[in-house]
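See below for the structure under consideration.
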Amino acid sequence: MPHRLGLPDLGVGVGLRVPHYRHILAERPPVDFFEIISENFMIQGGKPLHHLDRVLETYRVVQHGVSMSIGGPTPPSDEYLAGLRKLMARTRTPWLSDHFCWCAVPGANLHDLLPLPFTEEAISVVVDRAKRIQDTLGVRLALENASSYMSFTSSTMPEWEFISRVADAADIGLLFDVNNVYVAAYNHGFDPYEFVANVPHERIVQIHLAGHTNLGKYIIDTHSDHVIDPVWDLYRFTIERTGPVSTLIEWDDDIPDFSTLAAEAEKARTVRSAAALLFDRRQRGELVPEAPHPAGPPPISPAIVASHRAWHQGGPRDGIGGESEAAP
């Protein structure tokens, strides 16, 4: 299969986090690639860049950002984009990613990934900015579907239609977070498999997997635990449609020892390989039975159903919420 959007399949990687530096630099464990939070290394010097340079001696590194605020009141500043370019020259990242979100207003960074309204106006804004950012940086931009806990009543389309239309119109990639699909499906009551089935699979250049915290009424995207079985099932369903895609395990809170993280990456590699075989068979025209999957959305509590009903019957007009992505 040709590389999607001209980008390579890097295999299965993990996030580069401070508690693992000593082990990584001393043992050089077998890892396909590391992902860094760009903003943690957009500095003039010091230990972060020293450690990054040592990692780059052995490993591929991909940059992932949390401050682009592509849907915010103002576009990313020239200073911010210059900082990204400088770091990209160091890492030689094959693509650069951030989120479908907003996280800043003039003079303040809100330090959260807040959801966008899924409207024609928002599509126009994000497409225009994504094109300019991709042209300015000279590398493929990939935007990630963010987790969310409330939604805008002004939205006129489902999230999967919004991100698909932006990706196609701006000619960018998707960083497809399977856990975020599950979290949003639970919190908002839609079918995560419908989400996966209706995005442009050929534009998915990377996949994120993570654990979360289920509080009963809603799920918080904490990146603090193992990937749960329903998310593994959704990942398998995704790879059966995309083929092998660079996959990353995110674990940003309650960070375990490196062996636990490596075991989670190895599980992803096993699931990915099996699903990719089914993808290959379909590409060759073989009739492969569709794997069963749960019908409808993940189970949600009666309290969520009641709150959704109250919302649509005249509750608060516009809500916010979003994934908070921990930096190392």
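L209 and I255 fall into different hydrophobic clusters, where Ile, Leu, Val, Met, Phe, Trp and Tyr are joined by side-chain heavy atoms under 4.5 Å apart, directly or via other members. In terms of hydrophobic clustering, with Ile, Leu, Val, Met, Phe, Trp and Tyr side chains grouped at heavy-atom distances under 4.5 Å, I239 and V227 are assigned to a common cluster. In this structure, V62 is not a member of the same hydrophobic cluster as V12, with clusters built from ILVMFWY side-chain heavy atoms closer than 4.5 Å. Clustering ILVMFWY residues whenever any of their side-chain heavy atoms sit less than 4.5 angstrom apart, transitively, puts L56 in the very cluster that holds F41. Criterion: ILVMFWY side-chain heavy atoms under 4.5 Å apart, direct or through other members. Under it, W251 and L175 are not part of a common hydrophobic cluster.
Proximity of a side-chain donor or acceptor of N187 to a complementary backbone N or O of S148 within less than 3.5 Å is detected. In this structure, the side chain of D9 engages the main chain of G11 through a donor-acceptor pair within 3.5 Å. S155 places no side-chain N or O within 3.5 Å of a backbone atom of S151 that could act as its donor or acceptor partner. In terms of modelled atom types and a separation under 3.5 Å, the side chain of S69 and the main chain of C103 share a donor-acceptor contact. Between the side chain of H51 and the backbone N or O of K47 there is at least one donor-acceptor pair closer than 3.5 Å. Using a distance-only test at 3.5 Å, with no hydrogens or angles considered, no donor-acceptor pair links the side chain of E35 to the main chain of E250. Counting only distance, with no hydrogens or angles, the side chain of H99 and the backbone of G65 share a donor-acceptor pair below 3.5 Å. At least one donor-acceptor pair closer than 3.5 Å links the side chain of N198 to the backbone N or O of E194.
Side chain to side chain, T156 and T119 fail the donor-acceptor criterion of an N or O pair below 3.5 Å. For the 3.5 Å distance criterion, the side chains of E144 and N180 qualify, holding a donor opposite an acceptor. A donor atom on one side chain and an acceptor atom on the other are not found under 3.5 Å apart for Q206 and H64. In summary, the side chains of Y80 and E39 do present a donor paired with an acceptor at a separation below 3.5 Å, with no hydrogens or angles considered. Under 3.5 Å, the side chains of R272 and T247 contain no donor-acceptor pair of N or O atoms.
Atom CZ of R92 is surrounded by 12 or fewer heavy atoms from other residues, nucleotides or ligands within 6.0 Å. At most 12 heavy atoms of other shown residues, nucleotides or ligands fall within 6.0 angstrom of atom CG in D78. E286 CD: more than 12 foreign heavy atoms inside a 6.0 Å radius. With a 6.0 Å radius and a threshold of 12 heavy atoms from other residues, nucleotides or ligands, E57 has its CD atom above the threshold.
Between H201 atom NE2 and R4 atom CZ the span is 9.5 Å, to the nearest 0.5 Å. Atom CZ of R28 sits about 3.5 Å away from atom OG1 of T58, to the nearest 0.5 Å. With rounding to the nearest 0.5 angstrom, the CZ atom of R85 is 7.0 Å from the OG1 atom of T136. For the atom pair Y182 OH and D221 CG, the distance stands at 13.0 Å (nearest 0.5 Å). Rounding to the nearest 0.5 Å places CG of D53 at 10.5 Å from OG1 of T91. Atom CG in N145 sits 11.5 Å away from atom SG in C101 (nearest 0.5 Å).
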D128/R132 under salt bridge (Lys or Arg N to Asp or Glu O under 4.0 Å): CA gap, chis, key distance, verdict: CA-CA 6 Å; D128 179 64; R132 284 193 270 177; 2.4 Å; yes
Show your working on side-chain contact (heavy atoms from CB on, under 4.5 Å) between R140 and L96 and close with a plain yes or no. CA-CA 6 Å; R140 182 71 68 173; L96 180 86; over 6 Å; no
For E161 and R165: C-alpha separation, side-chain torsions, deciding distance, then whether salt bridge (Lys or Arg N to Asp or Glu O under 4.0 Å) applies. CA-CA 6 Å; E161 180 181 344; R165 287 179 58 187; 3.5 Å; yes
Taking it one step at a time, do F152 and F118 satisfy ring-ring contact (aromatic ring centres under 6.0 Å, His included)? CA-CA 8 Å; F152 287 91; F118 304 135; 8.2 Å; no
Any chance you could lay out the side-chain contact (heavy atoms from CB on, under 4.5 Å) test for R90 and L49, step after step, and finish with the verdict? CA-CA 9 Å; R90 197 180 208 110; L49 290 179; 3.9 Å; yes
Candidate pair L137 and I133, rule side-chain contact (heavy atoms from CB on, under 4.5 Å), full reasoning: CA-CA 6 Å; L137 297 179; I133 291 166; 3.7 Å; yes
Do L84 and Q63 pass the side-chain contact (heavy atoms from CB on, under 4.5 Å) test, and can you show the C-alpha distance, the side-chain angles, and the key distance before you say yes or no? CA-CA 9 Å; L84 282 175; Q63 287 179 220; 4.1 Å; yes
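Closest approach of I70 and R129 over heavy atoms only: O-NH1, 3.0 Å. Taking every heavy atom of both residues into account, I163 and L174 meet most closely at O-CD2, 4.1 Å. R17 approaches Y21 most closely through the heavy-atom pair O-CD1, 3.4 Å. Of all heavy-atom pairs spanning S67 and N109, the tightest one is OG-ND2, 3.6 Å. Residues A104 and P73 share a closest heavy-atom pair of O-CD, 3.2 Å. R60 approaches D32 most closely through the heavy-atom pair CB-O, 4.3 Å.
Here the side chains of L10 and F34 are not in contact, with every heavy-atom distance at 4.5 Å or above. Residues M68 and L141 form a side-chain contact, since some pair of their non-hydrogen atoms from C-beta on lies under 4.5 Å apart. Side-chain contact between F33 and P94: absent, with no pair of heavy atoms (C-beta onward) separated by less than 4.5 Å. At a threshold of 4.5 Å between non-hydrogen side-chain atoms, the residues H20 and L261 count as touching. Counting heavy atoms from C-beta outward, T238 and I207 have side chains that approach closer than 4.5 Å. Put simply, the side chain of P115 does not reach to within 4.5 Å of the side chain of M150, judged on heavy atoms. Proximity of V126 to L143: side-chain heavy atoms (C-beta onward) are separated by under 4.5 Å at one or more points. Side-chain contact between V245 and F176: absent, with no pair of heavy atoms (C-beta onward) separated by less than 4.5 Å.
Checked against the 6.0 Å centroid threshold, Y218 and Y149 do not count as a close aromatic pair. Taking the ring centroids of H223 and H212, they lie at or beyond the 6.0 Å cut-off.
Using a 30° and 60° split on the angle between ring planes, F162 and F100 fall in the perpendicular class, above 60°.
Using a 4.0 Å cut-off between charged side-chain N and carboxylate O, E266 and R269 make a salt bridge.
In this view, W160 and F190, F195 satisfy the ring-ring contact (aromatic ring centres under 6.0 Å, His included) rule, not counting sequence neighbours.
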